[in-house]
Amino acid sequence: MRPLTTLALFLTSVVLGGVIWWVDRDTPETEMAALGYDAGAALVRMIPDTIGRVVVKRPGGEAVLEKEDGFWFLRSPVEDRADSETMESLLDLLTHLTVLDQIPIDEVGEGNELSPEALGLTGDQVIRIELTPGPADGEDKADGPTQVLLLGNPTPLANSIYARVPDDEERPDIYVVDGNPRKYLDEPVAALRDRHLFLAPSEEIVEITVKTPRGDIVMERQSDSQHSDWTLTHPLQTRADLDRVDKLLASLSALRVDEVTASGELPGPPPNPIPDGSVALQLFRRGVESPLTLFLKPGKEKTEGGKTPLVEVLVSDRPAVFQVRTDLLEHLPASPNAFRDPHLASIPLQTVFGIGITSRGLANPPVILKTARTQEGVRWYSQRNGVEEPANTAQIISLIEAINKEEVIDFVSDTEANLADYNLASPAVEIAISHYEVQPATAPDGAPAGSAGQIGITKKVLQLGYQETEVNGVPSHRLFATFAGEPFIYEISPAFAENVPTHPLKWKDLRILSFTPISLREIIRRRPAEGTEIKLIYDYKRNHWDAFLDGVDKSDQINKEAVRKIQNTLGSLSANRWLTPSPQAFQALENPDAEFEVTVEEVDRATGGVRPVTHVLRFAKATEAIDETLDSYYGRLDDMPDIFQIDYKTYRDLIVPPLGTRVETPE
């Protein structure tokens, strides 16, 4: 190619590029098109988010709305909050009024069917809309001119109206546009007023005062967390019912205005005292000094046929009287006890490190349970007869969960002066729970606490008192509870006592034997009633069993499935429960139904070497049933003084015949 030709093509491409840039440069129209607005078809050439003021003018008056800090407000003819979602819908509709047809202005005349009055663009039907941009970020004044729009009557086409842009020389005609925003504009105050009673998010509420004819009830949120605990601070100092507080806040947030009966000045404070049947709610918001107050009283309308009652509501920051359909007045409690946490306590399980149980009237030594760090992690131990032994962790967890889940039957007293009336002056049982806790921000006298926010040790002592009464001549058992140092007395279910064994033995770990196949060497089982002895010898390296029946080699008759069942049951043997000293159990075990000698290799902690250890287990049929439908068996390990109990299924798995072709269920 010749150099001149190349130069000519280059100059042509530069010129074309400049033309394309000039045509496609970022004009307001192209910017709107990029955001989804067709500048050629949209009658209003504005972006909804940029609009900061709306004036709606009708022959009967005008309404002024302004946007402030992201929220819309009515400024005239009343001062009130507008519904931001409704305003977004209106502005979106106004800025998407696309042209469907055009009526040239020279075809429009007075006195015919195309006159402005007939089209609703003058006279009593016309609606004038003035849309003014709000100030841009960092600016004080509006960013752009006000756009004016006249809306007329609906056209014969569905969902369309006549519209005009007055004083626009470039667009003097009348247009048929797609969309009809008149439902928002015929009565703008009624349509655009916010129907939410208040907008404060529930997580922003940090204090609630419920004012009733019987007095005030105050609840405070204890931290900045959305899911933090609520405390009842007046007239009682105790935990609040989190579910009830959450439901109250959810009910308030869900209230919607059914009707506005009056508009004018902001309401004054609620009456004092509160009239019967009415209630006032003060909601303190995080970072806001003055509370939001709602005063609710029964409406004048009679409620019939299960219809939700109409309630009159005054809101402290809104100049109107609202009618709301709600059953809140019927269900909102007037008693502080109704806002109390119905559970006995709220102690995080993971923070507990010690438990002590003492009982009066019984010869039982105290129960002492505590945690210790081991190579396997944190473990629970029970101290009995001056010796520590592994504790039943599942039972400890069950106790803490039972305390936290136990629901109060009745809050019987709020003063320590009544302890003796409920046998709590000298309680039958005391459960001392030591746990870690974040120290409160204030001391009991209300003064700031120096250790606020620090982790400290707290001991809660639950005291139980039993009372035997008669109801209509029938004996009745009642159980009362209190926490030492607190004035509150609760009645709880007598069945709760089943979670609190008072003998240390009952807290012992239920594991009886625990070994792996690697350490197992030999199992000898004797059944005195049959006069037989079976010896099973295990070689782990070869995974091989030898069997001897009364000294005779029966290895060729071994049922591997049965032997494996015996091995697994012994290797993970756990009791259902421990029994306090029982003459019947000791007597039964003198003549056992089955006896096992289990030889395993264990590490000698003194030398570090491995040595064989033989454990002896004896079982005898129990007179105390675990399950009423099945037998149970006493058990004893290595002639120790502690007797345990197992269920029938466990015992059955221990006595399956190890010789034969299949596993037979023993009788």
Side-chain angles (χ1 to χ4, degrees), residues 42-44 46 48 51-67 71-101 103 108 113-132 146-168 173-197 256-264 318-325:
L43 200 62
V44 176
M46 297 183 76
I51 298 172
R53 178 181 168 91
V54 177
V55 179
V56 181
K57 294 184 177 181
R58 298 206 53 184
E62 71 175 47
V64 179
L65 299 103
E66 293 181 347
K67 193 175 185 180
F71 295 95
W72 281 95
F73 295 89
L74 278 161
R75 300 304 189 194
S76 174
V78 296
E79 288 270 353
D80 199 1
R81 193 172 60 237
D83 189 309
S84 294
E85 293 181 1
T86 305
M87 284 298 300
E88 288 178 7
S89 299
L90 170 62
L91 295 178
D92 185 68
L93 185 56
L94 288 173
T95 54
H96 282 82
L97 292 174
T98 53
V99 176
L100 299 177
D101 199 1
I103 303 173
V108 178
E113 60 181 10
L114 291 180
S115 68
E117 185 173 2
L119 300 179
L121 292 171
T122 61
D124 294 339
Q125 298 299 315
V126 67
I127 299 175
R128 178 185 175 94
I129 309 294
E130 298 177 1
L131 303 175
T132 304
T146 296
Q147 293 199 25
V148 181
L149 180 67
L150 298 181
L151 300 179
N153 293 330
T155 76
L157 295 175
N159 193 39
S160 64
I161 58 172
Y162 296 105
R164 189 179 179 191
V165 183
D167 305 323
D168 188 338
D173 300 326
I174 294 175
Y175 301 93
V176 175
V177 294
D178 183 23
N180 186 355
R182 293 188 69 108
K183 63 180 180 179
Y184 298 109
L185 304 173
D186 285 334
E187 298 290 341
V189 173
L192 301 176
R193 190 196 295 262
D194 191 358
R195 292 192 174 271
H196 301 80
L197 274 185
R256 297 294 183 270
V257 175
D258 191 78
E259 182 183 352
V260 181
T261 57
S263 293
R318 304 190 67 181
V321 178
F322 301 107
Q323 301 293 325
V324 177
R325 292 203 176 274

How many angstroms lie between atom CG of Leu121 and atom OH of Tyr162, to the nearest 0.5 angstrom?
-> 9.5 Å
For Thr132 and Met46, the nearest pair of non-hydrogen atoms, with its separation, is C-CE, 4.3 Å
Between the CD1 atom in Ile51 and the CG atom in Asp92, the distance rounded to the nearest 0.5 Å is 10.0 Å
Please identify each residue that fulfils side chain to side chain donor-acceptor pair (under 3.5 Å) with Lys57, with sequence neighbours left out.
-> Glu130
Any residue meeting salt bridge (charged side-chain N to carboxylate O under 4.0 Å, His left out) with Asp80, in chain and number order, not counting sequence neighbours = Arg193, Arg318
Would you please name every residue forming a side chain to side chain donor-acceptor pair (under 3.5 Å) with Thr122, sequence neighbours left out?
-> none
Steps toward side-chain contact (heavy atoms from CB on, under 4.5 Å) verdict (Leu74, Leu65) = CA-CA 5 Å; Leu74 278 161; Leu65 299 103; 3.7 Å; yes
Inter-residue atom distance Thr98.OG1 - Asp178.CG, 0.5 Å rounding | 4.5 Å
Provide the closest heavy-atom pair for Gly52 versus Trp72 in the form atom of the first, atom of the second, distance.
-> C-CH2, 3.7 Å
Is any side-chain heavy atom of Leu131 closer than 4.5 Å to a side-chain heavy atom of Leu149?
-> no
To the nearest 0.5 Å, tell me how far Arg256 CZ sits from Asp194 CG.
-> 8.0 Å
Would the number of heavy atoms belonging to other residues, nucleotides or ligands and lying under 6.0 Å from CD of Gln323 be above 12?
-> yes
Rounded to the nearest 0.5 Å, what's the gap from CG on Asp186 to CZ on Arg58? Could you check?
-> 5.0 Å
Pro59 to Gly123 - nearest heavy-atom pair and separation = CG-O, 3.2 Å
Under the 3.5 angstrom rule, does the side chain of Thr261 hit a backbone N or O of Val321 as a donor-acceptor pair?
-> yes
For the side chain of Arg195 and the backbone of Val257, is there at least one donor-acceptor N/O pair under 3.5 Å apart?
-> yes
Please identify each residue that fulfils side chain to side chain contact (heavy atoms under 4.5 Å, CB included) with Glu85, with sequence neighbours left out.
-> Asp83
Nearest atoms (heavy-atom pairs only) where Ser160 meets Leu100 | CB-CD1, 4.2 Å
Side chain to side chain contact (heavy atoms under 4.5 Å, CB included) partners for Pro166, two or more places apart | Arg128, Val148, Leu150
Set of residues satisfying side chain to side chain donor-acceptor pair (under 3.5 Å) with respect to Arg53, sequence neighbours excluded = Glu66
What distance do Lys67 atom NZ and Leu91 atom CG have between them, rounded to the nearest 0.5 Å?
-> 8.0 Å
Among all residues two or more places apart in sequence or in another chain, which pass the side chain to side chain donor-acceptor pair (under 3.5 Å) test with Asp101?
-> none
Sequence neighbours excluded, the answer for side chain to side chain contact (heavy atoms under 4.5 Å, CB included) partners of Asp167 is none
Side chain to side chain contact (heavy atoms under 4.5 Å, CB included) filter on Pro181, not counting sequence neighbours, yields Leu90, Leu93, Leu94, Leu97, Leu151, Ile161, Leu185
Arg75 and Glu79: CA distance, side-chain angles, deciding distance, salt bridge (charged side-chain N to carboxylate O under 4.0 Å, His left out) verdict | CA-CA 5 Å; Arg75 300 304 189 194; Glu79 288 270 353; 3.6 Å; yes
List in chain and number order the residues that pass salt bridge (charged side-chain N to carboxylate O under 4.0 Å, His left out) with Asp173, two or more places apart in sequence or in another chain; answer none if no residue qualifies.
-> none
Closest approach of Val56 and Ile127, non-hydrogen atoms and distance?
-> CG1-CG2, 3.9 Å
